[in-house]
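One structure is given below, encoded as structure tokens.
Within every chain, numbering begins at 1; the chains are lettered A, B, ... in the order of the sequence lines, protein sequences first and strands thereafter.
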Amino acid sequence: MEYSKKVRENFMNPKNMGEIKNPDAIGKVGNPQCGDVMWIYLKIGKKKVDGKEEEIIKDIKFKTFGCMAAIATSSMITQLAKGKTLKEAEKITVDNVADSLQGLPAIKMHCSSLAVDALRKAIENYRKKK
Amino acid sequence: MSKKIIYFDNASTTQVDERVLKEMAPYFKEKYGNASSKHAIGREAKEALEKSREIIAKAINANPQEIIFTSGGTEGNNLALKGLFLYNMEAKTGKNHIITTKIEHDSVLNTCRWLEKLGAKITYLDVDKEGFINPKDIERAITEKTIVVSVIHGNNEIGTIQNLKEIGEVCRRNKVLFHTDACQSFTKTELDVKKQKIDLATLNAHKIHGPKGVGALYIKEGIKITPLAHGGGHEKKLRSGTENIPAIVGFAKAVEVSSPEEIKKMEKLRDKLIEGLLKIPDVTLNGPRKERLCNNVNVSFNNIEGEAIGSMLEEFGICTSTGSACKSNTLEASHVLKAIGLSALQANSSLRISISKYTTEKEVDYFLKSISKVVEKLRAISPLAN
């Protein structure tokens with residue numbers, strides 16, 4: 001399968017890979033018996049945006065069981081989400097991730113959607129916990 | 001990283017041997033005749049065709065007239081099973097039962113599934129943890145309606161070599177036919193149709209450093225099958241179509257140049273690979289240690305995904321193959337690995353390494369060094385590997 005240079009880079013040297021000790025939330029998606037597994041760890045901080053205090057993603061890390069595309073999309077979504085407000089991070093789409101990776105093969109687009117699901121789930125878990 | 005590709009996917013296909021290429025060359029431009037033509041250039045082609053048939057027949061202890069040239073393994077398996085079933089249908093013998101196993105190549109399994117639509121009854125037998133079929137299970141499955149038992153000789157994924165003689169004896173004793181798909185095993189382990197009591201055997205060329213698009217089906221004298229391709233009546237009316245002489249000549253040359261020394265060399269490198277891989281923590285061998293194809297290694301790496309391993313190895317310049325293909329939203333685990341009892345997770349963490357007579361010890365050492373790095377890296381990324 002032909003992957004873009006960006007996918008290969010993010011696969012060979014993934015960014016934000018690992019765990020966060022005492023995270024504010026974790027989003028776990030997937031099932032190892034039938035596909036990929038992604039875990040996203042969040043540390044939430046606060047920042048003034050237009051005079052208002054907003055919650056932002058201060059730190060984000062991932063762990064992934066899956067193919068090259070799954071690992072590259074995990075790496076990419078953490079880079080896209082880092083520093084964003086929770087509201088902005090929630091709006092990251094499957095296409096945003098794929099485009100930032102210079103595209104994904106059609107049969108690998110579900111990897112991108114799994115990454116989006118993992119991030120949204122982590123944010124949702126954070127809100128529930130509050 | 002070296003620019004040179006290390007090709008460890010020889011169970012998929014192999015590079016053509018220089019001697020094979022040389023043998024084929026004149027049959028494209030100088031000796032381009034049609035073996036059915038009566039003139040000199042046609043007779044020359046016919047002579048090459050029959051000489052090739054003799055070489056292949058001799059290699060499996062068959063008679064030349066028992067060899068039918070085909071386009072390869074898939075056609076051979078289709079012709080054997082559909083040909084036998086359709087013959088029994090046409091001749092109204094009342095027989096409609098085929099016995100096979102759960103670890104066959106897709107060209108057998110999907111042929112059987114298609115035949116079920118035509119009224120065939122198929123028994124798909126289980127295998128043990130190493131992929132061996134129990135001949136007693138075959139004996140128990142045989143009924144008065146059984147046409148043929150079809151068992152793969154050397155398994156393409158896990159390398160298990162079946163004891164054909166035992167299976168052949170069961171089939172002869174119970175008066176049913178015995179077909180074997182020997183595409184992976186041909187020239188790599190003994191194949192003797194008389195000793196092993198084989199009635200039909202599928203062979204091909206591109207797994208043994210011959211050209212793609214050519215193979216053969218051995219059909220024991222006296223066995224009747226219905227052809228799939230009707231036409232000018234080539235190959236004893238069983239496979240019409242002008243014979244692919246350059247490829248057939250190349251196939252025969254590939255058989256001729258294969259040698260027992262190569263098997264020994266591959267076995268040594270295979271064992272070095274297996275031992276090296278098993279030194280990595282949490283690695284298990286799929287398939288047997290003994291009675292294994294000389295060029296096959298298949299292992300599962302716990303908690304990391306096979307396709308990712310393959311992709312990362314490619315970054316190191318190494319070509320391998322995974323037992324699973326990631327399709328849409330699910331990883332479809334290999335039917336062979338499932339049949340030997342692996343969980344979907346174990347099956348999806350597998351890698352097949354298949355070497356050839358050209359593989360060097362240096363390549364094996366480089367592979368073992370690279371795979372340790374890959375596994376370490378991917379386990380650090382995996383949430384399952386804590």
Check your understanding: So with a 6.0 Å cut-off around CD of B:E376, is the heavy-atom count from everything else above 12?
Key -> no

Revision key, fill the gap. Output for pair (A:I71 CD1, B:I304 CD1), nearest 0.5 Å, gives 9.0 Å

**Study point:** Under 4.5 Å from a heavy atom of chain A, the part of B:I381 involved
**Key:** both

Practice item. Return yes when atom NZ of B:K272 has more than 12 non-hydrogen atoms of other residues, nucleotides or ligands closer than 6.0 Å, and no otherwise. Key: yes

Exercise for review: Can you measure from CZ (A:R8) to CD (B:E314) and round to the nearest 0.5 angstrom?
Suggested key: 7.5 Å

Check your understanding: Is the count of non-hydrogen atoms from other residues, nucleotides or ligands lying under 6.0 Å from A:K43 atom NZ greater than 12?
Key -> yes

Review point. Atom CG of A:D36 and atom CD of B:E307: how far apart are they, to the nearest 0.5 Å?
Key: 8.5 Å

Practice item. Would you name the heavy atoms of B:P383 and A:V37 that are closest together and state the gap between them? Key: CG-CG1, 3.9 Å

Review point. Do the non-hydrogen side-chain atoms of B:L378 and A:F65 ever get within less than 4.5 Å of each other?
Key: no

Review point. Which value, rounded to the nearest 0.5 Å, describes the distance between A:M12 atom CE and B:K377 atom NZ?
Key: 4.0 Å

**Study point:** A:K63 (side chain) donor-acceptor with B:A380 (main chain) under 3.5 angstrom
**Key:** yes

Exercise for review: Side chain from CB out, backbone as N, CA, C, O: work out which of these in A:M68 comes under 4.5 Å of a heavy atom of chain B, or both, or neither.
Suggested key: both

Point to revise | Between CD1 on residue B:I309 and SG on residue A:C67, distance to nearest 0.5 Å | key: 12.0 Å

